[in-house]
Asks: 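Let me give you the structure first, and then I'll get to my questions.
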Amino acid sequence: MQALRPAWPKLSLRADAHGCSSDGRVSGLSGTDEMEADNKILALVSGANRGIGLAIAAGLARRGANVLLGCRDFGRGEAACAALRKEGLDVRPVQLDATDDASVSALARLIAQEYGRLDVLINNAGIGLDHDASLSMAERVRRTLDVNVVGVVRLTEAMTPLLSNSKRARIVNVSSELSSFGQRSKPDWIYADFAMPTYQSSKAALNSLTLSYARLLKDKGIKVNAICPGYTATEATNFMSSRTPDQAAVIAIKCALLEDDGPTGAFVNEAGELPW
């Protein structure tokens with residue numbers, strides 16, 4: 001895969017608590033990424049009614065994108081969008097359960113009928129069940145893979161024809177450095193003692209999918225990258241971090257708005273490239 005991606009530049013992300021500069025633009029992105037009103041990027045973010053997904057959606061909308069917030073619970077999605085619309089942002093909730101064929105197919109039809117294309121797909125929806133003592137290990141693995149891996153495949157396959165209609169298609173898979181074999185092999189790594197077999201294996205599989213899709217979709221001009229948003233204060237982590245979702249969203253937004261000479265088949269966080 002080395003031939004697919006030029007060296008990933010070290011990012012300069014001087015952001016405030018919202019991951020934005022004083023004029024509302026995300027730090028670390030060039031001015032050429034600004035979107036003209038008559039040529040707005042259309043983005044779909046899965047799992048977008050809260051946490052990092054909501055922050056990614058809001059950040060893209062603040063950059064001028066038209067953002068579809070994919071949510072299993074449409075009511076929660078509508079509530080999330082109502083707050084963003086008060087800022088004048090172009091956001092819309094859409095019903096999306098990535099584990100359900102009918103839900104994904106219905107959304108693909110809606111986007112095809114109303115927009116005709118998709119420019120950015122953010123595969124953010126995910127779960128972690130390692131600490132659910134009510135489930136057997138096998139059941140934790142099955143449920144986790146259904147969302148974190150099979151769900152990503154289902155959504156990516158359904159949206160690829162729409163992404164193929166875009167002049168600058170991007171897919172961003174929200175992964176985790178906890179899946180990195182290169183990091184986990186280091187005894188002095190900060191998370192070396194973490195053992196979350198279902199979550200870590202699912203994100204390792206997601207990384208493998210990222211590399212495969214980068215190769216398969218290269219000829220269609222679709223860039224596919226995986227990102228690590230970092231250990232962030234969300235419901236999934238019981239808010240046990242000082243890092244905000246808005247800060248975590250910055251790297252996803254950067255990959256969503258990559259220039260044409262940007263990499264594909266990379267695994268990155270805000271500091272640069274991560275080992276697989």
Asks: In sequence, state the C-alpha distance, the side-chain angles, and the governing distance for E114 and R109, and then conclude on salt bridge (Lys or Arg N to Asp or Glu O under 4.0 Å).
Replies: CA-CA 9 Å; E114 298 196 19; R109 289 194 299 271; over 6 Å; no
Asks: Can you check salt bridge (Lys or Arg N to Asp or Glu O under 4.0 Å) on D260 and R170, steps first, answer last?
Replies: CA-CA 10 Å; D260 289 341; R170 309 288 183 259; 3.3 Å; yes
Asks: Hey, does the side chain of N148 reach the backbone of I127 with a donor-acceptor pair shorter than 3.5 angstrom?
Replies: yes
Asks: Is there a path of hydrophobic side-chain contacts, each under 4.5 Å between heavy atoms of I, L, V, M, F, W or Y residues, that connects V172 with L121?
Replies: no
Asks: Between P197 and M137, which heavy-atom pair has the shortest distance, and what is it?
Replies: CG-CE, 3.7 Å
Asks: Give the intermediate values and the outcome of side chain to side chain contact (heavy atoms under 4.5 Å, CB included) for residues L44 and L107.
Replies: CA-CA 10 Å; L44 169 63; L107 179 55; 3.9 Å; yes
Asks: Any chance you could measure F74, atom CZ, to C81, atom SG, to the nearest 0.5 Å?
Replies: 8.0 Å
Asks: Taking all non-hydrogen atoms of both residues into account, name the closest pair between N49 and A80 and its distance.
Replies: O-CB, 3.9 Å
Asks: C71 and G77: which non-hydrogen atoms are nearest, and at how many Å?
Replies: SG-CA, 3.5 Å
Asks: Name all pairs fulfilling the side-chain hydrogen bond (donor to acceptor under 3.5 Å, both in side chains) condition that reach into residues 77-91, sequence neighbours left out, sorted by first residue then second.
Replies: K40-D90, R62-E87, E78-R85
Asks: When you measure from the side chain of K223 to the backbone of G262, do you find a donor-acceptor pair of N or O atoms at a distance under 3.5 Å?
Replies: yes
Asks: Distance from T264 atom OG1 to L258 atom CG, nearest 0.5 Å?
Replies: 8.5 Å
Asks: Is there side-chain contact between V153 and L209, with at least one heavy-atom pair below 4.5 Å?
Replies: yes
Asks: Side chains of I227 and F267: does their closest heavy-atom pair fall under 4.5 Å?
Replies: no
Asks: Using 0.5 Å steps for rounding, measure from the CG atom of L69 to the CD1 atom of I122.
Replies: 11.5 Å
Asks: Would you say V141 ends up clustered with V149 if hydrophobic residues are merged whenever their side chains have heavy atoms under 4.5 Å apart, either directly or through other cluster members?
Replies: yes
Asks: Does S202 use its side chain to pair, donor to acceptor, with the backbone of Y199 at less than 3.5 Å?
Replies: yes
Asks: Going by the rule side-chain contact (heavy atoms from CB on, under 4.5 Å), which residues pair with A249 if we only count those two or more places apart in sequence or in a different chain?
Replies: A55, I56, I253
Asks: Examine distances only and state if a side-chain atom of Q183 and a backbone atom of E177 form a donor-acceptor pair shorter than 3.5 Å.
Replies: no
Asks: Name the one of N269, N225, N207 that satisfies side chain to side chain donor-acceptor pair (under 3.5 Å) with S175?
Replies: N207
Asks: Would you say the side chain of L257 lies within less than 4.5 Å of the side chain of L60, judging by non-hydrogen atoms?
Replies: yes
Asks: Side chains of L96 and L155: closer than 4.5 Å at any heavy-atom pair?
Replies: yes
Asks: Is it the case that more than 12 heavy atoms not belonging to R117 sit under 6.0 Å from its CZ atom?
Replies: yes
Asks: Are L274 and L206 grouped together when hydrophobic residues (ILVMFWY) are joined by side-chain heavy atoms under 4.5 angstrom apart?
Replies: no
Asks: Looking at CG of L129 and CD of E139, how far apart are the two atoms once the value is rounded to the nearest 0.5 Å?
Replies: 9.0 Å
Asks: Do side-chain atoms of S103 reach the backbone of D97 as a donor and acceptor pair under 3.5 angstrom?
Replies: yes
Asks: I'd like to know if D101 and R154 make a salt bridge, using a cut-off of under 4.0 Å between side-chain N and carboxylate O.
Replies: yes
Asks: Go through the steps to decide whether K203 and Q200 satisfy the test side chain to side chain donor-acceptor pair (under 3.5 Å), and finish with yes or no.
Replies: CA-CA 5 Å; K203 292 302 185 179; Q200 288 172 297; over 6 Å; no
Asks: Judged by atom type as modelled, is there a donor-acceptor pair below 3.5 Å linking the side chain of S180 to the main-chain atoms of P275?
Replies: yes
Asks: So, are K254 and E259 salt-bridged, with charged N and O less than 4.0 Å apart?
Replies: no
Asks: Who are the ring pair (Phe, Tyr, Trp, His ring centres under 6.0 Å) partners of F194, not counting sequence neighbours?
Replies: Y191
Asks: Is V94 linked to M159 within one hydrophobic cluster, defined over Ile, Leu, Val, Met, Phe, Trp and Tyr using a side-chain heavy-atom separation of less than 4.5 Å?
Replies: yes
Asks: Tell me whether S179 contacts the main-chain N or O of S176 through its side chain, where contact means a donor paired with an acceptor under 3.5 Å.
Replies: yes
Asks: Please evaluate residues D119 and L163 with respect to the criterion side chain to side chain contact (heavy atoms under 4.5 Å, CB included), reporting the C-alpha separation (whole Å), side-chain torsions for both, the decisive distance (0.1 Å), and the verdict.
Replies: CA-CA 6 Å; D119 301 303; L163 289 162; 5.9 Å; no
Asks: Do you see a donor-acceptor pair shorter than 3.5 Å between the side chains of D246 and T244?
Replies: no
Asks: Are I171 and L217 side-chain neighbours, meaning at least one heavy-atom pair lies under 4.5 Å?
Replies: yes
Asks: Minimum heavy-atom separation for A133 to R140, with atom names?
Replies: CA-NH2, 3.9 Å
Asks: Answer yes if I251 and V174 sit in the same cluster of Ile, Leu, Val, Met, Phe, Trp and Tyr residues linked by side chain heavy atoms under 4.5 Å apart, and no otherwise.
Replies: yes
Asks: If you compare all heavy atoms of G53 against all heavy atoms of N124, which two are closest, and at what distance to 0.1 Å?
Replies: CA-ND2, 3.3 Å
Asks: If every non-hydrogen atom of A43 is compared with every non-hydrogen atom of L118, which pair is closest and at what distance?
Replies: C-CD1, 4.1 Å
Asks: Could you give me the CA-CA distance, side-chain angles and deciding distance for E157 and V104, then say whether side chain to side chain contact (heavy atoms under 4.5 Å, CB included) is met?
Replies: CA-CA 10 Å; E157 290 293 314; V104 173; over 6 Å; no
Asks: Run V150 and T99 through side chain to side chain contact (heavy atoms under 4.5 Å, CB included) and show every step you take.
Replies: CA-CA 7 Å; V150 180; T99 68; over 6 Å; no
Asks: State the CG-OH distance between N173 and Y213, to the nearest 0.5 angstrom.
Replies: 9.0 Å
Asks: Would a 4.5 Å heavy-atom cut-off, applied to side chains only, mark T156 and N123 as touching?
Replies: yes
Asks: Measuring from R168:CZ to I41:CD1, what's the distance to the nearest 0.5 Å?
Replies: 3.5 Å
Asks: Heavy atoms, side chains only, cut-off 4.5 Å: are V45 and V67 in contact?
Replies: yes
Asks: Are T198 and D130 close enough, and set up right, to give a side chain to side chain donor-acceptor pair (under 3.5 Å), and what steps lead you there?
Replies: CA-CA 6 Å; T198 60; D130 283 282; 2.7 Å; yes
